[in-house]
**Q** 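The structure follows.
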Amino acid sequence: MNLFDDIKSLVLDTLAAMTAQGALPTGLDLGNVNVEPPRDPAHGDMATNAAMVLAKPAGLKPRDIAQGLVERLSDDPRIALAEVAGPGFINLRLADAVWQGLVGQVVDAGTSYGRSRMGQGRKVNIEYVSANPTGPMHVGHTRGAVFGDALANLLAYAGHDVTREYYINDGGAQVDVLARSVYLRYLEAHGQEVAFEDGTYPGDYLIEVGQALKAKVGDAYVGQPEDVWLTEVRAFSTDAMMALIREDLAALGVKMDSFFSEKALYGTGRIEAALEDLAEKGLIYQGVLEPPKGKTPDDWEPREQTLFRSTAHGDDVDRPVKKSDGGWTYFAPDIAYHFDKVSRGFDMLVDVFGADHGGYVKRMKAAVSALSDGRVPLEVKLIQLVKLTQGGEPVKMSKRAGTFVTLRDVVDQVGADVTRFVMLTRKNDAPLDFDFDKVLEQSKDNPVFYVQYAHARVCSVLRKAAAAGIAVDDTSLAATDLAALDHPAELAVARKLAEWPRLVEIAAQTGEPHRIAFYLYDLASEFHTLWNRGNDTPTLRFLPDDPAGGAAKIVLPRAVAVVISAGLGILGVKPLDEMR
RNA sequence: GGUCGCAUAGCUCAGCUGGAUAGAGUGUCGCCCUCCGAAGGCGAAGGUCGAAGGUUCGAAUCCUUCUGCGACCGCCA
């Protein structure tokens, strides 16, 4: 259900009729014809560019085509007024009955109003979070987690078959560092004095891991060389860290469908298999890279190594897959991982990375393109930094002093819902300011509050109506006659509701969940405006003075609540029934 | 040196995937608030959309060049 699509169909049908009648030449490309809400409400409810787009290919003047369209469109009962404007726009004013019908349909459809089949069930894999299993999640991870989760919800809402996946980086050197750090805590648990040198993690969160290790193995590893305990301590530690991370994710309301272990790629032939696939395509060779221009490292020396010919798929230089010591580079297991994703039959891949990984985008795209023979697109979403402040003052963070702000700190202070909403009020590629005080402020300039307040107000109205003996269940409301819903302030809210399905598709298409948050703010704003009008204009109040007046005015606020609820659902935020 | 991203009101940011007179919040100024929930309401002022070209009926939006800021640039993940 999308009112804009309905009217666009009407326009296209009308154009087809004009062609059949000889008013337009045959074979015109109608692909650029669209129907949109005009910026200025004075221009009507919807506008189409059909006449302007078709003028040139049809060899006719825009206004002549427009005139013909206007005459025919006016015959449709849904069109109250059609007129030519400006350079050849056709402005359409819809009949009140159309808006009234829409409001009823919204309540009838509930939170599935706005669902789209745009995705056509395509299988999409979204990889996000993917924090190293070396400690609790911090604020930096939080934004990526919220974004990926909301994007997953959004794509699912728009008709995609979504898999949410976490890539566990448990195969590299950093988990050896973790294991050594835990080993130190283990010795500490046995009463030894230990020193945390550079290259170890001093964080307190490892103390209990060391104690747990002691509880499990006793003193079996005390005084033993690394090769005796490293493998097992590594596994023990990463398991403990993943348990910690899963708790963090749960606190934020993020639920993954799948966890994929990097370690599982090593020693199983899977990296080799992926590279063999590339080799068969002639994309692996031994070669020497040019030094990077402008900033040559001091210790640079030409070296022959195993390279992936990523330039064949759009990258700027070819990329090494093996280190000088013969081990894999980080890129190699990543190739294997994405080979696995492609093999699992996904139609589209999405990677959510921190902005500092921007340098890897081209090579990953090249790899996926090569591995899938160009079949599977990879979309990489880069997440910019979060600037934490409190009362306007920056929150100091120092990794060395161990005073970094964790996801848990944030969620404990402001709650998961507020955290999620605020993190989605900026484009993913723009830095985000997060002020611990401001996000809890109960005022109009706090979008979280403003949107929740609108929902709570509707719930309050429904409670009062129910207390007055009015039937407020959705079935009754959807069946209510809305002919009295004709005030411009009321119709303005209905127009906003009509935009919802369209907005969902645009947001899904662009992969930008923040558009949902901004839309909800706009919708809440329209609603609050109508509410305030009720102060001066009693006929605009939602509750009739006489309960016999019935539910006619309650359907619209209920429809607003339905859409807010659907939108917040995509953002992963629970709507509030009251604000107290 | 190269790649990618960003640049819109004093400030923080939207801008509907090329549309008509570029919007919101905040701040400033003016008026209002015994009224379903005033954790306010109404209105005003405030812009060479970083710069210059180009594409076309039409550009904040697309292309090119330039300026400024940020991230990244064989063996770290």
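Numbers restart at 1 for each chain; the letters A, B, ... are given by sequence-line order, proteins then strands.
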**Q** If you only use heavy atoms from C-beta on, which nucleotide in B:G41, B:G15, B:G19 is closest to the side chain of A:Asn532?
**A**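 Of the options given, the side chain of A:Asn532 lies nearest B:G41.
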**Q** Just call it for A:Pro320: base, sugar-phosphate, or nothing, with non-hydrogen atoms closer than 4.0 Å on any strand.
**A** sugar-phosphate
**Q** Surrounding CD of A:Glu197 (heavy atoms of other residues, nucleotides or ligands, distance under 6.0 Å), is the total greater than 12?
**A** no
**Q** Looking at every strand, decide which applies to A:Arg541 at a 4.0 Å heavy-atom threshold: base, sugar-phosphate, or nothing.
**A**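 The residue A:Arg541 makes base contact.
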**Q** Quick one: label A:Tyr521 by what it contacts on the DNA or RNA (base, sugar-phosphate, nothing), any heavy atom closer than 4.0 Å.
**A** sugar-phosphate
**Q** So which nucleotide does B:U17 pair with, by the Watson-Crick or G-U wobble rule with both distances under 3.5 Å?
**A**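 No nucleotide pairs with B:U17.
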**Q** Choose from B:U3, B:G41, B:C13 the nucleotide whose nearest atom is closest to any side-chain atom of A:Asp316.
**A**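 Taking heavy atoms from C-beta onward, the closest nucleotide is B:U3.
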**Q** From the list B:U12, B:A20, B:C16, which nucleotide is the closest neighbour of the side chain of A:His43?
**A** B:A20
**Q** Does the ring of A:Phe4 carry A:Arg502 above it, NZ/CZ under 6.0 angstrom from centre and within 45° of its axis?
**A** yes
**Q** What does B:A7 pair with, Watson-Crick or G-U, if both distances are under 3.5 Å?
**A** B:U67
**Q** Which nucleotide, in any strand shown, forms a Watson-Crick or G-U wobble pair with B:G1, with both distances under 3.5 Å?
**A** B:C73
**Q** Remember a base hit wins even if backbone is also touched, and classify A:Asn132 as base, sugar-phosphate or nothing at under 4.0 Å, heavy atoms.
**A**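 Here A:Asn132 touches the backbone only, sparing every base.
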**Q** May I ask you to say what A:Lys362 touches in the nucleic acid, namely base, sugar-phosphate or nothing, with a heavy-atom cut-off under 4.0 Å?
**A**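 Result for A:Lys362 = sugar-phosphate.
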**Q** So A:Ala47, base contact, sugar-phosphate only, or nothing? Heavy-atom distance under 4.0 Å.
**A** base
**Q** Quick one: label A:Ala507 by what it contacts on the DNA or RNA (base, sugar-phosphate, nothing), any heavy atom closer than 4.0 Å.
**A** nothing
**Q** With a non-hydrogen cut-off below 4.0 angstrom, is A:Arg303 in contact with a base, only sugar-phosphate, or nothing?
**A** base
**Q** Ignoring backbone atoms, establish whether A:Arg319 has a side-chain N or O less than 4.0 Å from OP1 or OP2 of B:C73.
**A**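 A:Arg319 to B:C73 OP1/OP2: no side-chain N or O under 4.0 Å.
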**Q** Among B:C75, B:C57, B:A20, which nucleotide sits nearest the side chain of A:Phe89?
**A** B:A20
**Q** Between B:C76, B:G19, B:A71, which nucleotide gets closest to the side-chain atoms of A:Asp356?
**A**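 When the side chain of A:Asp356 is considered, B:A71 is the closest of B:C76, B:G19, B:A71.
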**Q** Applying a 4.0 Å non-hydrogen cut-off, can you work out what A:Ile506 is touching in the nucleic acid: base, sugar-phosphate, or nothing?
**A**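 If one applies the 4.0 Å heavy-atom cut-off, A:Ile506 turns out to touch the sugar-phosphate alone, with no base involved.
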**Q** NA contact type, A:Arg426, heavy-atom cut-off 4.0 Å: base, sugar-phosphate, or nothing?
**A** sugar-phosphate
**Q** Side chain of A:Ser443 only, heavy atoms from C-beta on: which candidate in B:U17, B:C75, B:G40 is closest?
**A**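 Among B:U17, B:C75, B:G40, the one nearest the side chain of A:Ser443 is B:G40.
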**Q** Give none if B:A44 has no partner; otherwise give the nucleotide forming a Watson-Crick or G-U wobble pair with it, both distances under 3.5 Å.
**A** B:U28
**Q** Base, sugar-phosphate, or nothing: which does A:Gln509 touch, judged by heavy atoms less than 4.0 Å apart?
**A**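 Contact class for A:Gln509: base.
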**Q** Between A:Phe518 and A:Arg463, which has a closest nucleotide on RNA chain B that is more 5'?
**A** A:Phe518
**Q** Check step by step if ring pair (Phe, Tyr, Trp, His ring centres under 6.0 Å) holds for A:Tyr450 and A:Tyr521.
**A** CA-CA 7 Å; A:Tyr450 203 57; A:Tyr521 182 83; 5.1 Å; yes
**Q** Using Watson-Crick or G-U wobble geometry with both distances below 3.5 Å, tell me the partner of B:U56, or none.
**A** none
**Q** Side chains of A:Val321 and A:Leu307: does their closest heavy-atom pair fall under 4.5 Å?
**A**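 Side-chain contact under 4.5 Å: no.
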**Q** Side chain of A:Thr510, heavy atoms from C-beta onward: which of B:U17, B:U12, B:U26 has the nearest atom to it?
**A** B:U17
**Q** Against the six-membered ring of A:Tyr285, is A:Arg309 placed for a cation-pi contact (under 6.0 Å from the centre, within 45° of the normal)?
**A** yes
**Q** Respond yes when some side-chain nitrogen or oxygen of A:His357 is under 4.0 Å from OP1 or OP2 of B:U3, and no when none is.
**A**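 For B:U3, OP1/OP2 do not have a side-chain N/O of A:His357 under 4.0 Å.
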**Q** Which residue, A:Glu512 or A:Gln305, contacts RNA chain B at a nucleotide closer to its 5' end, judged by nearest heavy atom?
**A**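 So the residue in question is A:Glu512.
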**Q** If only side-chain N and O atoms of A:Arg533 are considered, is one of them under 4.0 Å from the OP1 or OP2 phosphate oxygen of B:G41?
**A**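 False: A:Arg533 side-chain N/O out of range (4.0 Å or more) of B:G41 OP1/OP2.
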**Q** Checking all strands, does A:Pro447 fall into the base, sugar-phosphate, or nothing category for heavy-atom contacts under 4.0 angstrom?
**A**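 No contact.
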**Q** Can you check the A:Glu505 CD to B:C16 P distance for me, whole Å?
**A** 16 Å
**Q** Out of B:G25, B:C16, B:G5, which nucleotide sits closest to the side chain of A:Asp429?
**A** B:G5
**Q** Please determine, for the side chain of A:Lys444, which listed nucleotide (B:G41, B:A24, B:A14) has the closest atom?
**A** B:G41
**Q** Side chain of A:Ala173 only, heavy atoms from C-beta on: which candidate in B:C36, B:C76, B:C4 is closest?
**A** B:C76
**Q** Which is true for A:Asn91 with a 4.0 Å heavy-atom rule: it touches a base, it touches only sugar-phosphate, or it touches nothing?
**A** base
**Q** Does A:Lys427 have a side-chain nitrogen or oxygen under 4.0 Å from the phosphate oxygens OP1 or OP2 of B:C6?
**A** no
**Q** Rounded to the Å, how far apart are A:Leu503 CG and B:G15 P?
**A** 10 Å
